[in-house]
Chemist: 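Would you mind keeping the following structure in view while I ask a few things?
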Amino acid sequence: MSKEKAILTLLQGCNSLKRLRKIHAHVIVSGLHHHVAIANKLLNFCAISVSGSLAYAQLLFHQTEFPQTEAWNSIIRGFAQSSSPIDAIVFYNQMVWDSFSMRDTFTFSFVLKACERIKAERKCKEVHGTVIRCGYDADVIVCTNLVKCYSAMGSVYIARQVFDKMPARDLVAWNAMISCFSQQGLHQEALQTYNQMRSENVDIDGFTLVGLISSCAHLGALNIGVQMHRFARENGLDQSLYVGNALIDMYAKCGSLDQAILIFDRMQRKDIFTWNSMIVGYGVHGRGSEAIYCFQQMLEARIQPNSITFLGLLCGCSHQGLVQEGVKYFNLMSSKFRLRPEVKHYGCLVDLYGRAGKLEKALEIVSNSSHNDSVLWRTLLGSCKIHKNVTIGEIAMNRLFELGATSAGDCILLATIYAGENDKAGVSRMRKMIKSQGIKTTPGWSWIEIGEQVHKFVVDDKSNRYSIEVYEKLREVIYQASFFGYVGDESVSSLDVLSTIETLKTSCTYHSEKLAIAFGLARTADGTQIRIVKNLRVCRDCHSFIKAVSVAFNREIIVRDRVRFHHFKGGKCSCNDYW
DNA sequence: TTAGGGTTAG
């Protein structure tokens, strides 16, 4: 065997930096350090291997007199996956000026990886231009990297353009496009891409499923989610940790907490995502005690909690009124688990005290918090609405005003408090504030899944193609509901119904959830559960309407609002009218 | 024997 071959064989079996240093010394003594294959192998090991060293790789690289493409690629790749991806771009820039080497598909893949990780938008566009000029825009891997890179920067439209222009798309490319939509919150587009994928006869795998199941979770699209679950089972993909985690989250977010628990219990392996998805699931369903029990099991399984675990726990405690427990876990975060509470955790703490009527304590926390955040004051204002506290409500509103963060929702919250006190002047002030300050309102919308279609209804919307059918059905539903305790907004004082953003713009009659429920009643068989996902909180009028509908039509209705779940059955709601 | 992939919160 020649010396060169012997050294290459040694490098093949090398598994530590210490051993590599010895081989390197041997290479120098043998006068083979200019041998291209050996030098590249050495450099590649140092740059990529977990037992390598990027510092050593840099040393080797600088000792290379005329580095060729392979050497550049190794060093760029090494930095692209390191904690300092910016250095990959620095090396790429140097390579551009080097006349001894040409960039290839590997170079582009690695530098795009670095751009993706540090969200270097300008560089990504520049590399994209070079990719086109160099004729690599037909390369499926480079293009998939471009899709991922634009996706990471939120440039979904460009990502889709790159994807559409690809001459051939493989499974990974489709998965990247679906993930892009899913991660950017464009869930209906993710499902449409999946339909397109199916129509082009592309098989799907576990990666596809995870993106899609996550989109179903956000959309509340249980029927499609169940189909995905069935597909996973039939193809042996339900054993995957990622798929299992996504399924737990999907079932919990679609209102089927029992199904989420079933999958959770059956999972052979559980990681932090598994535990968090279950704890957050319990939390948003207002089942604090079970969230706490799950947390204790998690600790027994020796899984370290993170900040999301505590968000789930605190949410559960807050909605179940477990004040002492909530405070205990808030304190444990930093004292035992060395996790610094973030503004969202403080938000949960304010909500915890506020919901329980301890508004002075909640005010003290917001006032003393180093987070001078509008979210905290808004949370406090929400609690003031529940407990009809004008004084603290006004303090919160003034602080929001000073922070320049007043929204229409805030004005409506305070207007509702004034309305409770029969303070017409206060309500009028809030109306004027919205108008004079030009405060933007958020239109309310609701999703409902019928079969495999997700339909969106916007407040007072008559542009929907089912409008005539829906409005006609809604009139009938309101009439039926009136026999079961629902008093429509016509007979309710206009002050009493000021509780959502929608209200100021229109009458409560055509709130988006009412339209969606009427559509659901018209389009589904008797006894079928109706599930609604709404972007805002449910207003008092709609809440009492849905309670009456659940009994009048003998339907279980599940509404996921911006914060929590409401399970309506037999004229009652799981939130016990406390939300 | 130098490449591209996934989940929880927000």
Side-chain angles (χ1 to χ4, degrees), chain A residues 8-9 11-13 37 40-41 43-45 47-49 68-78 80-81 104-113 116 136 139-149 151 162-163 166 169-180 182-185 190 204-218 228 232 237 240-250 252-253 260 263-264 267 270-284 305-315 342-345 347-348 375 562:
Chain A
L8 282 171
T9 313
L11 279 169
Q12 205 85 35
N40 280 340
K41 195 79 193 165
L43 175 61
N44 196 50
F45 175 87
I48 315 297
S49 167
Q68 299 298 297
T69 303
E70 196 179 328
W72 284 106
N73 287 352
S74 290
I75 201 82
I76 294 171
R77 183 187 178 195
Q81 63 189 37
D104 62 8
T105 54
F106 295 96
T107 323
F108 293 126
S109 288
F110 301 144
V111 73
L112 284 171
K113 179 77 173 174
E116 182 195 333
Y136 287 118
D139 186 292
V140 67
I141 298 179
V142 172
C143 287
T144 305
N145 273 310
L146 277 167
V147 169
K148 276 176 55 58
C149 203
S151 163
V162 172
F163 179 78
M166 284 168 76
R169 294 178 279 260
D170 63 8
L171 178 59
V172 182
W174 280 98
N175 287 349
M177 196 64 245
I178 289 175
S179 292
C180 166
S182 184
Q183 281 160 14
Q184 295 301 319
I204 70 172
D205 66 2
F207 288 89
T208 331
L209 278 181
V210 169
L212 291 172
I213 294 170
S214 163
S215 280
C216 290
H218 285 96
M228 299 292 165
L237 296 167
S240 146
L241 181 65
Y242 284 95
V243 173
N245 291 347
L247 283 170
I248 293 172
D249 178 57
M250 185 275 290
K253 284 215 177 78
I263 294 175
F264 176 82
M267 279 185 52
K270 294 182 177 77
D271 66 359
I272 181 78
F273 286 87
T274 325
W275 290 99
N276 281 356
S277 298
M278 198 65 252
I279 292 169
V280 171
Y282 280 126
V284 294
N306 64 15
S307 66
I308 298 167
T309 322
F310 285 94
L311 282 180
L313 266 179
L314 293 171
C315 174
E342 296 155 27
V343 68
K344 285 180 199 74
H345 299 97
C348 289
V375 174
R562 195 164 52 79

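Below, chain A is the first sequence line, B the second, and so on; all start at residue 1.
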Chemist: Please determine whether a side-chain nitrogen or oxygen atom of A/Lys270 lies at a distance below 4.0 Å from atom OP1 or OP2 of B/dT8.
Modeler: no
Chemist: B/dT7, OP1 or OP2 - any side-chain N/O from A/Gln183 closer than 4.0 Å?
Modeler: yes
Chemist: Between A/Gln81 (CD) and B/dT2 (P), how many Å, whole number?
Modeler: 14 Å
Chemist: A/Lys148 has a side chain; which of B/dA9, B/dG4, B/dA3 sits nearest to it?
Modeler: B/dG4
Chemist: Looking at B/dT2, B/dA9, B/dG6, which one has an atom nearest to any side-chain atom of A/Ser240?
Modeler: B/dG6
Chemist: Does a donor on one side chain and an acceptor on the other come within less than 3.5 Å for A/Ser109 and A/Asn145?
Modeler: yes
Chemist: Using the six-membered base ring of B/dT8, report whether A/Phe273 stacks on it, requiring centroids under 5.5 Å and planes under 30° apart.
Modeler: no
Chemist: For A/Gln184 and B/dG10, give me the distance from atom CD to atom C1', rounded to whole Å.
Modeler: 13 Å
Chemist: Distance check, rounded to the nearest 0.5 Å: A/Ile248 atom CD1 versus A/Ile213 atom CD1?
Modeler: 11.0 Å
Chemist: If you check the A/Thr144 side chain, which of B/dT2, B/dG4, B/dG6 turns out closest?
Modeler: B/dG4
Chemist: Just checking, A/Arg77 and A/Phe106: is the charged tip under 6.0 Å from the six-membered ring centre and within 45° of the axis?
Modeler: no
Chemist: CZ of A/Phe108 versus P of B/dT2: gap in Å, rounded?
Modeler: 19 Å
Chemist: Would you say a side-chain N or O of A/Thr208 is under 4.0 Å from OP1 or OP2 of B/dG6?
Modeler: no
Chemist: Choose from B/dG4, B/dT8, B/dT2 the nucleotide whose nearest atom is closest to any side-chain atom of A/Ile141.
Modeler: B/dG4
Chemist: In this structure, how many angstroms lie between the P atom of B/dG6 and the CG atom of A/Leu241, rounded?
Modeler: 15 Å
Chemist: Among B/dG10, B/dG6, B/dT8, find the nucleotide with the atom closest to the side chain of A/Asn276.
Modeler: B/dT8
Chemist: Tell me, with the steps shown, if A/Ser277 and A/Asn245 meet side-chain hydrogen bond (donor to acceptor under 3.5 Å, both in side chains).
Modeler: CA-CA 7 Å; A/Ser277 298; A/Asn245 291 347; 5.8 Å; no
Chemist: In Å, rounded to the nearest 0.5 Å, how long is the span from OG of A/Ser151 to CE of A/Met177?
Modeler: 7.0 Å
Chemist: Looking at B/dG4, B/dT8, B/dT7, which one has an atom nearest to any side-chain atom of A/Lys113?
Modeler: B/dG4
Chemist: If you check every side-chain atom of A/Lys41, which of B/dA9, B/dA3, B/dT2 has the closest atom?
Modeler: B/dT2
Chemist: At under 4.0 Å, does any side-chain N or O of A/Lys253 touch on OP1 or OP2 of B/dT7?
Modeler: no
Chemist: With heavy atoms under 4.0 Å as the rule, sort A/Asn73 into base, sugar-phosphate or nothing.
Modeler: base
Chemist: Touch check for A/Asp205, heavy atoms < 4.0 angstrom, all strands: base, sugar-phosphate only, or nothing?
Modeler: base
Chemist: Which nucleotide in the set B/dA3, B/dT8, B/dA9 lies at the smallest distance from any side-chain heavy atom of A/Leu311?
Modeler: B/dA9
Chemist: When only distance counts, do a donor and an acceptor, one from the side chain of A/Asp170 and one from the base of B/dG4, lie under 3.5 Å apart?
Modeler: yes
Chemist: For the side chain of A/Glu70, counting heavy atoms from C-beta on, which of B/dA9, B/dG10, B/dT2 is nearest?
Modeler: B/dT2
